[in-house]
Amino acid sequence: MSKLGNEKLILDHPIAFTTLAGQSIPAKLQEVRLFADGDSRRCTLRLELDSTAFLTIVEGEWFGLHPAANEGLTVSSFDLDLPVELHILLRKGIAELLLQEATSGEDIIRALLGSSTDEANVKLNISENWLATDIKQEMNLPEELADEGKLKHGFRTQWAEASGSSAAASAIVKGAMHETVDQLLNGWNWSFLREDSELLSVKFSGDSGQWTVLIATDEDKSLCLIYSIYPVMVPEARRSDAMDWMTEVNYNLPIGCFEMDLTDGELRFRSGIDVEQDRLSTELLSNLLTTNMAVMDMYFAELAQLTEQG
């Protein structure tokens, strides 16, 4: 028997899944990933959906999207004029059976398209053979940011735990907010330094540089704040330029803002969420944190120029 290894295939191929009610759900297959860890085998797909397919899945609770799995998911948070990205995981029992034979991503693609002879007689294009783990959508950025990168928002289901994340990556935590923060970062296997019950710091390396991220929680005010701290102070001679730059950039940011301490030139990007009469879930925290870091990474090179001594 061939040994299954880790593999990732990128493509853009039309595909259709069939629900147990006989409905056809069209999509574009954009990624196939195979994972092997000892005796454990997993397969995930990334699909692109139009609004009709997305609504069919949510309303029909297909791909395992029953109420317990999609608690907190709101269709209104997605722009139905834009494509939706769906990540799905092959159910464990089927993966253990099928991936002994399908040892490559191409084998999976052939099985999905119905052009392979499957000895296990498993139809991979049946929706309920898969579990939805993540639903994402690219955010519209201002025109001047369009070439700087991409930002996505989305939702993670309880099935994400089975795809390699810990329970902290998907569960809604009802306890103290700092416990939610710790559980998420531990689930990501991130090292962090907790200063006290309301503040911790993380060293983060993005594509453009490395900086410190602070996560602050205030239980009394039901606030969670994220700060990405630029590692170099703005020289006093450049602080006026920095204020002009922040005014221009902040005006176009869809979320969060840059701010500077005029006394020492510390510059940071701040974003936050108010969960009064609600609860901080790891999904909300994950979206808040990753968006914050993506914005800092996007502007890191500009900040490097801004902090140079003139």
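Residue numbers run from 1 in the order of the sequence given.
In this structure the side chain of Leu45 never reaches within 4.5 angstrom of the side chain of Glu31, judged on heavy atoms. By the 4.5 Å heavy-atom criterion applied to side chains, Met243 and Met260 are counted as neighbours. In this structure, Ile88 and Trp159 have side chains that are not in contact, with every pair of non-hydrogen atoms separated by 4.5 Å or more. With contacts defined as side-chain heavy-atom distances shorter than 4.5 Å, the pair Phe17/Asn129 does not qualify. Contact of the Asp50 side chain with the Leu80 side chain is not registered, since no non-hydrogen atoms from C-beta on lie closer than 4.5 Å. Residues Ile10 and Gln30 are not in side-chain contact: their nearest non-hydrogen atoms beyond the backbone lie 4.5 Å or more apart. Side-chain contact between Ile15 and Leu113 is present, with at least one heavy-atom pair separated by less than 4.5 Å. Within the 4.5 Å cutoff, the side chain of Leu29 has heavy atoms near those of the Leu112 side chain.
Partners of Ser205 under the side-chain hydrogen bond (donor to acceptor under 3.5 Å, both in side chains) rule, at least two apart in sequence or in another chain, are Gln210. Partners of Lys203 by side-chain hydrogen bond (donor to acceptor under 3.5 Å, both in side chains), not counting sequence neighbours, listed by chain and number: Thr212. Partners of Asn250 according to the side-chain hydrogen bond (donor to acceptor under 3.5 Å, both in side chains) rule, which considers only residues two or more places apart in sequence or in another chain, do not exist here. Listed by chain and residue number, Glu259 satisfy the salt bridge (charged side-chain N to carboxylate O under 4.0 Å, His left out) test with Arg268 (two or more places apart in sequence, or in another chain).
Here the closest non-hydrogen pair linking Cys224 and Leu288 is O-CD2, 4.0 Å. Closest non-hydrogen pair, Thr56 versus Trp62, comes out as O-CD1, 3.4 Å. Closest heavy-atom contact between Pro26 and Ala53: O-CB, 3.5 Å. Nearest heavy atoms, Arg239 versus Leu262: NH1-O, 3.1 Å. Heavy atoms only, all atoms of each residue included: Leu65 and Ala132 are closest at CG-CB, 3.9 Å. Pairing each heavy atom of Asp297 with each of Gly209, the nearest pair is OD1-N, 4.1 Å.
Residues Asp107 and Ser104 bring a donor and an acceptor atom of their side chains to less than 3.5 Å of each other.
The aromatic ring centroids of His87 and Trp130 lie 6.0 Å or more from each other. Taking the six-membered ring for Trp, Trp211 and Phe204 have ring centres closer than 6.0 Å.
Grouping Ile, Leu, Val, Met, Phe, Trp and Tyr residues whose side-chain heavy atoms lie under 4.5 Å apart, directly or via other members, places Ile229 in a hydrophobic cluster with Leu199, Leu214, Leu225, Tyr227. Hydrophobic cluster membership for Leu223: none, as no Ile, Leu, Val, Met, Phe, Trp or Tyr side chain comes under 4.5 Å of it.
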Take Leu9 and Ile108 through the side-chain contact (heavy atoms from CB on, under 4.5 Å) test and state the conclusion after the steps. CA-CA 10 Å; Leu9 293 180; Ile108 295 294; over 6 Å; no

Please lay out, stage by stage, how Val213 and Met293 fare under the test side-chain contact (heavy atoms from CB on, under 4.5 Å). CA-CA 8 Å; Val213 178; Met293 295 183 298; 4.1 Å; yes

Run Asn125 and Thr18 through side-chain hydrogen bond (donor to acceptor under 3.5 Å, both in side chains) and show every step you take. CA-CA 6 Å; Asn125 61 351; Thr18 302; 4.8 Å; no

Take Tyr299 and Phe258, measure what ring-ring contact (aromatic ring centres under 6.0 Å, His included) needs, and give me the verdict at the end. CA-CA 10 Å; Tyr299 287 104; Phe258 283 95; 5.5 Å; yes

Do Thr291 and Ile226 pass the side-chain contact (heavy atoms from CB on, under 4.5 Å) test, and can you show the C-alpha distance, the side-chain angles, and the key distance before you say yes or no? CA-CA 10 Å; Thr291 300; Ile226 313 290; over 6 Å; no

Walk me through it: do Glu48 and Glu85 pass the test side-chain contact (heavy atoms from CB on, under 4.5 Å)? CA-CA 5 Å; Glu48 181 183 284; Glu85 184 178 300; over 6 Å; no

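By the criterion of side-chain heavy atoms lying less than 4.5 angstrom apart, applied directly or through intervening Ile, Leu, Val, Met, Phe, Trp or Tyr residues, Met233 is not grouped with Trp245; the two fall into different hydrophobic clusters. Each of Leu193 and Leu184 belongs to its own hydrophobic cluster when Ile, Leu, Val, Met, Phe, Trp and Tyr are linked at side-chain heavy-atom distances under 4.5 angstrom. The cluster map of Ile, Leu, Val, Met, Phe, Trp and Tyr, joined by side-chain heavy atoms under 4.5 Å apart, puts Leu20 and Ile57 in the same cluster.
Atom-to-atom distance recorded for His178:NE2 and Glu219:CD is 7.0 Å, nearest 0.5 angstrom. Taking OG from Ser281 and CZ from Arg156, the interatomic distance works out to 11.5 Å, rounded to the nearest 0.5 Å. For the atom pair Leu285 CG and Thr180 OG1, the distance stands at 7.5 Å (nearest 0.5 Å). If you take CG on Leu303 and CE on Met298, they are separated by 12.0 Å, rounding to the nearest 0.5 Å. Atom-to-atom distance recorded for Lys136:NZ and Leu86:CG is 11.0 Å, nearest 0.5 angstrom. Note: Ile255 CD1 to Phe269 CZ = 7.0 Å, rounded to the nearest 0.5 Å.
Counting only distance, with no hydrogens or angles, the side chain of Thr290 and the backbone of Ser286 share a donor-acceptor pair below 3.5 Å. Arg238 places a side-chain N or O within 3.5 Å of a backbone atom of Glu308 that can act as its donor or acceptor partner. The backbone N or O of Ser201 sits nowhere less than 3.5 Å from a side-chain atom of Glu195 that would complete a donor-acceptor pair.
Ring geometry for Tyr230 versus Phe300: interplanar angle of 30 to 60°, hence tilted.
Around atom CD of Glu106, no more than 12 heavy atoms belonging to other residues, nucleotides or ligands sit under 6.0 Å away.
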